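None of these values were measured; they are calculated from a predicted model. Hydrogens, waters and symmetry mates are skipped; everything else that's a heavy atom, side chains included, is used. Both counts, for ligands and for their atoms, begin at 1 and track the order of listing.
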Amino acid sequence: MATADNAYTLDTVREALVRQEDTIVFALIERAKFPFNSQTYDQKYLEIPGFCGSLIEFVVKDTEIVQAKAGRYENPEENAFFPENLLSSLVPSYPFTKILHPGAASININKSIWKIYFQDLLPLFVSSGDDGNYAQTAASDLSLLQAISKRVHYGKFVAEVKFRESPQDYEPLIHAKDKEGLMKLLTFKSVEEMVKKRVEKKATLFGQEISLNSSDDNNGKQKFDPSVASKLYEKWVIPLTKEVQVEYLLQRLD
Ligand SMILES: O=C(O)C(=O)C[C@]1(C(=O)O)C=C[C@@H](O)C=C1
């Protein structure tokens, strides 16, 4: 990852977004290994003394507590789903490059990501059924949620480099609190089309059954429907990344 202030350019932040696609596509394929496993999300399934909620909430809240103590959220690229529960890092601090405006720390749209993930995304690509692997299911949900959250909140970095590259275009819109104007200025439709196509291609390649006998390759066996990946990006990942960019820019001059 970039370390010096000037290492962040539109090209380098886009490269980071491209690399994050791999993580998201793999995490989708990993979650698709398990059926829906509804007990993971059922509040009535658990009876843990001192805890009220579903297994997914239990796993995410407790994992975030451990990861916060281990320093995960010291990195401005990371945002917790339950930030209200966290204690400070207990490990020596690392001098992460501070390129973001201080207001960036208050932007966290994980509550929306959480809602969309369980209501809209999971039912799209997970088969119905129950194989008892609830803890593993929750762990793979968390990996995917964290990958999506990191990608969406990376919009803060994208917005910062766009602002630095042409402050004269952004400043009047920020002063006027013109959300629509900002959205238009930061949008590159051709880039979005490329992203969606590439993500679908990655899902096709990463989800393929690989055989050592080359004549068996590409025999149509797929671990995952690749169109789900591009739909995820089109309907949620790209729009939410843009929402984060607008939120970030609105407070960029405060
Ligand atoms: O690459 C950019 O310029 C971005 O802002 C990222 C992104 C995306 O989420 O993929 C979002 C908005 C643009 O219209 C194009 C792509």
Side-chain angles (χ1 to χ4, degrees), residues 1-2 5-28 75-79 97 99-101 103-104 107-117 120-121 124 144-174 177-206 226-253:
M1 189 57 252
D5 212 39
N6 61 6
Y8 286 89
T9 64
L10 194 49
D11 283 343
T12 63
V13 296
R14 281 184 175 152
E15 276 165 23
L17 295 182
V18 170
R19 181 61 186 84
Q20 288 177 38
E21 289 165 3
D22 302 2
T23 315
I24 291 178
V25 171
F26 274 123
L28 278 168
N75 184 332
E77 295 177 10
E78 300 284 349
N79 294 268
T97 314
I99 75 148
L100 298 180
H101 186 275
I107 301 171
N108 180 334
I109 64 163
N110 276 338
K111 295 275 178 281
S112 307
I113 295 175
W114 183 272
K115 202 163 148 236
I116 288 166
Y117 182 83
D120 305 311
L121 178 62
L124 256 189
L144 180 50
L145 280 163
Q146 285 179 329
I148 294 173
S149 167
K150 182 169 176 173
R151 200 299 179 175
V152 163
H153 290 98
Y154 211 77
K156 298 176 193 179
F157 292 84
V158 183
E160 177 63 27
V161 299
K162 286 182 180 170
F163 177 83
R164 287 189 189 196
E165 284 182 9
S166 38
Q168 70 286 357
D169 296 333
Y170 281 98
E171 275 172 13
L173 297 169
I174 296 170
K177 299 192 188 334
D178 181 353
K179 286 189 182 192
E180 244 174 71
L182 286 168
M183 190 59 98
K184 218 168 146 195
L185 187 58
L186 62 82
T187 294
F188 294 83
K189 275 286 166 211
S190 61
V191 176
E192 294 183 17
E193 288 310 311
M194 225 166 51
V195 170
K196 283 185 280 173
K197 280 198 190 126
R198 189 176 49 238
V199 162
E200 183 156 344
K201 188 167 179 186
K202 285 183 180 180
T204 307
L205 291 171
F206 300 172
S227 71
V228 170
S230 56
K231 194 160 180 187
L232 163 66
Y233 266 72
E234 176 174 10
K235 289 188 74 169
W236 301 297
V237 170
I238 295 174
L240 291 172
T241 306
K242 289 162 74 167
E243 191 181 314
V244 166
Q245 292 188 55
V246 172
E247 287 302 308
Y248 180 84
L249 289 164
L250 284 173
Q251 49 82 63
R252 178 61 179 74
L253 299 173

Contact summary for Glu21 and Val195, nearest pair of heavy atoms: OE2-CG1, 3.8 Å

Audit row: Lys150, Asn79, side-chain contact (heavy atoms from CB on, under 4.5 Å) steps and yes/no: CA-CA 7 Å; Lys150 182 169 176 173; Asn79 294 268; over 6 Å; no

Mutual orientation of the aromatic rings belonging to His101 and Tyr248 [parallel < 30°, tilted 30-60°, perpendicular > 60°]: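 Taking Tyr248 first and then His101, their aromatic rings stand perpendicular (interplane angle over 60°).
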
Return a table of N or O atom pairs, ligand 1 on one side and protein on the other, at distances under 3.5 Å, rounded to 0.1 Å.
from: ligand 1; atom 1: 1 (O); to: Arg14; atom 2: NE; distance (Å): 2.6
from: ligand 1; atom 1: 1 (O); to: Arg14; atom 2: NH2; distance (Å): 3.3
from: ligand 1; atom 1: 3 (O); to: Arg14; atom 2: NE; distance (Å): 3.4
from: ligand 1; atom 1: 3 (O); to: Arg14; atom 2: NH2; distance (Å): 2.7
from: ligand 1; atom 1: 3 (O); to: Lys162; atom 2: NZ; distance (Å): 2.8
from: ligand 1; atom 1: 5 (O); to: Lys162; atom 2: NZ; distance (Å): 2.6
from: ligand 1; atom 1: 5 (O); to: Gln245; atom 2: NE2; distance (Å): 2.9
from: ligand 1; atom 1: 9 (O); to: Arg151; atom 2: NH1; distance (Å): 2.7
from: ligand 1; atom 1: 9 (O); to: Arg151; atom 2: NH2; distance (Å): 3.4
from: ligand 1; atom 1: 10 (O); to: Arg151; atom 2: NH2; distance (Å): 2.9
from: ligand 1; atom 1: 14 (O); to: Phe188; atom 2: N; distance (Å): 2.7
from: ligand 1; atom 1: 14 (O); to: Phe188; atom 2: O; distance (Å): 3.4
from: ligand 1; atom 1: 14 (O); to: Glu192; atom 2: OE2; distance (Å): 2.5

Heavy atoms from other residues, nucleotides or ligands near NZ of Lys231 exceed 12 (cutoff 6.0 Å): no

Lys162 bridged to Glu165 by N-O distance under 4.0 Å: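 Salt bridge flag = no for Glu165 with Lys162.
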
Counterpart residues, ring pair (Phe, Tyr, Trp, His ring centres under 6.0 Å), relative to Trp114 (two or more places apart): Phe81, Phe82, Phe118

